[in-house]
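Bear in mind the structure is a predicted one, so any value in this text is a computation, not a measurement.
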Amino acid sequence: ELSYSDEITPETGSGGITRVIQKGNVIEKGACSLTLIQRGKLTAERAKAISGRNDNANVKEGDMYSAAALSIVLHTRSPLVPTFRSDIREFLVRSEKSGSTSAWFGGGADLTPYYLFDDDIKEFHSKQKELCDSYFPPGAEFADTFNYA
């Protein structure tokens with residue numbers, strides 16, 4: 001069974017789309033959600049928060065921003081199979097003064113087990129590390145600071 005809600009508003013280009021799957025043979029209930037914000041305007045408080053987390057952020061009140069987030073959660077029927085959760089986010093700020101754009105990315109994935117199996121934990125994390133290493137080899141400055149698995 002598939003259901004949905006929260007369509008993107010055409011006038012603003014902002015909003016979200018959520019798709020829910022339920023009553024499956026393997027997945028008891030799951031959801032995938034996409035959220036978009038376009039043409040947002042930074043408040044003084046938000047600009048200060050961004051600048052406080054990143055010394056290189058040159059953002060000011062009134063700068064325009066866009067943001068996107070994709071989230072997935074899957075709950076299985078079997079308590080022997082963990083719940084899976086994953087999300088990825090992107091945040092773009094365009095300086096009103098200079099016209100330059102700054103971008104930040106984030107996200108992650110994890111399992112929530114009902115019963116702990118050490119081999120499952122090791123396999124999940126080793127596969128995530130393999131995936132990260134395939135895009136950003138160990139030893140690369142970005143990889144060492146970003147891809148901690």
Side-chain angles (χ1 to χ4, degrees), residues 1-24 27-76 79 81-114 116 120-149:
E1 182 178 309
L2 183 66
S3 62
Y4 63 93
S5 62
D6 304 329
E7 296 294 328
I8 293 174
T9 307
E11 301 83 44
T12 65
S14 296
I17 299 172
T18 301
R19 297 290 186 257
V20 175
I21 186 170
Q22 54 191 358
K23 301 179 185 173
I27 303 298
E28 181 175 11
K29 190 168 189 178
C32 181
S33 176
L34 172 67
T35 304
L36 298 172
I37 299 172
Q38 294 185 11
R39 298 181 293 280
K41 201 169 212 178
L42 286 180
T43 62
E45 182 179 44
R46 175 64 64 192
K48 183 178 178 182
I50 292 169
S51 296
R53 282 183 256 152
N54 185 334
D55 294 336
N56 298 325
N58 187 18
V59 297
K60 306 282 183 250
E61 178 181 7
D63 286 350
M64 299 300 288
Y65 74 91
S66 299
L70 177 65
S71 300
I72 301 169
V73 178
L74 300 172
H75 298 277
T76 60
V81 179
T83 293
F84 173 76
R85 182 210 60 86
S86 179
D87 68 273
I88 187 164
R89 299 172 300 280
E90 177 183 35
F91 192 78
L92 303 169
V93 177
R94 183 177 172 143
S95 170
E96 187 177 47
K97 191 174 185 176
S98 71
S100 66
T101 301
S102 298
W104 295 270
F105 302 90
D110 60 60
L111 299 176
T112 304
Y114 304 98
L116 289 175
D120 290 349
I121 295 166
K122 289 174 187 171
E123 181 177 9
F124 178 78
H125 286 101
S126 70
K127 294 295 181 189
Q128 283 202 325
K129 182 169 180 358
E130 283 177 28
L131 180 64
C132 290
D133 289 350
S134 72
Y135 288 96
F136 305 102
E141 183 180 338
F142 178 79
D144 290 343
T145 57
F146 186 76
N147 294 329
Y148 179 76

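Legend: residues meeting side chain to side chain contact (heavy atoms under 4.5 Å, CB included) with Arg89, ordered by chain and number and at least two apart, are Ala69, Asp87. Here Thr101 pairs with nothing under the side chain to side chain donor-acceptor pair (under 3.5 Å) rule; sequence neighbours left out.
The aromatic rings of Phe124 and Phe84 sit perpendicular to each other, their planes meeting at more than 60°, with 30° as the lower class boundary.
Dense packing is recorded around CD of Glu130, with more than 12 heavy atoms of other residues, nucleotides or ligands lying under 6.0 Å away. Residue Ile88 places its CD1 atom among 12 or fewer non-hydrogen atoms of other residues, nucleotides or ligands, all under 6.0 Å distant. In the displayed structure, Arg85 atom CZ is contacted under 6.0 Å by more than 12 heavy atoms of other residues, nucleotides or ligands.
Here the CZ atom belonging to Arg94 is positioned 8.5 Å from the OG atom belonging to Ser100, to the nearest 0.5 angstrom. In this structure, Lys129 NZ and Ser134 OG are separated by 10.5 Å, a value rounded to the nearest 0.5 Å. To the nearest 0.5 Å, atom CG of residue Leu111 and atom CD of residue Glu123 are 10.0 Å apart. Here CG of Leu74 is found 11.5 Å from OG1 of Thr112. Values are rounded to the nearest 0.5 Å. Between atom CG of residue Asp63 and atom OG of residue Ser98 there is a gap of 8.0 Å, rounded to the nearest 0.5 Å. From Arg46, atom CZ reaches atom CD of Glu61 across 13.5 Å, with rounding to the nearest 0.5 Å.
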Which pairs would a plain distance check flag for residues 27-36, meaning a side-chain donor or acceptor within less than 3.5 Å of a matching protein atom at least two apart in sequence or in another chain?
none

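When all heavy atoms of Phe105 and Glu90 are compared, the closest pair comes out as CE2-OE2, 3.2 Å. Taking both residues in full, the closest heavy atoms of Pro82 and Pro113 are given as CB-CA, 3.6 Å, listed atom of the first, atom of the second, then distance. Of all heavy-atom pairs between Lys41 and Tyr65, the closest is N-CE2, 3.5 Å.
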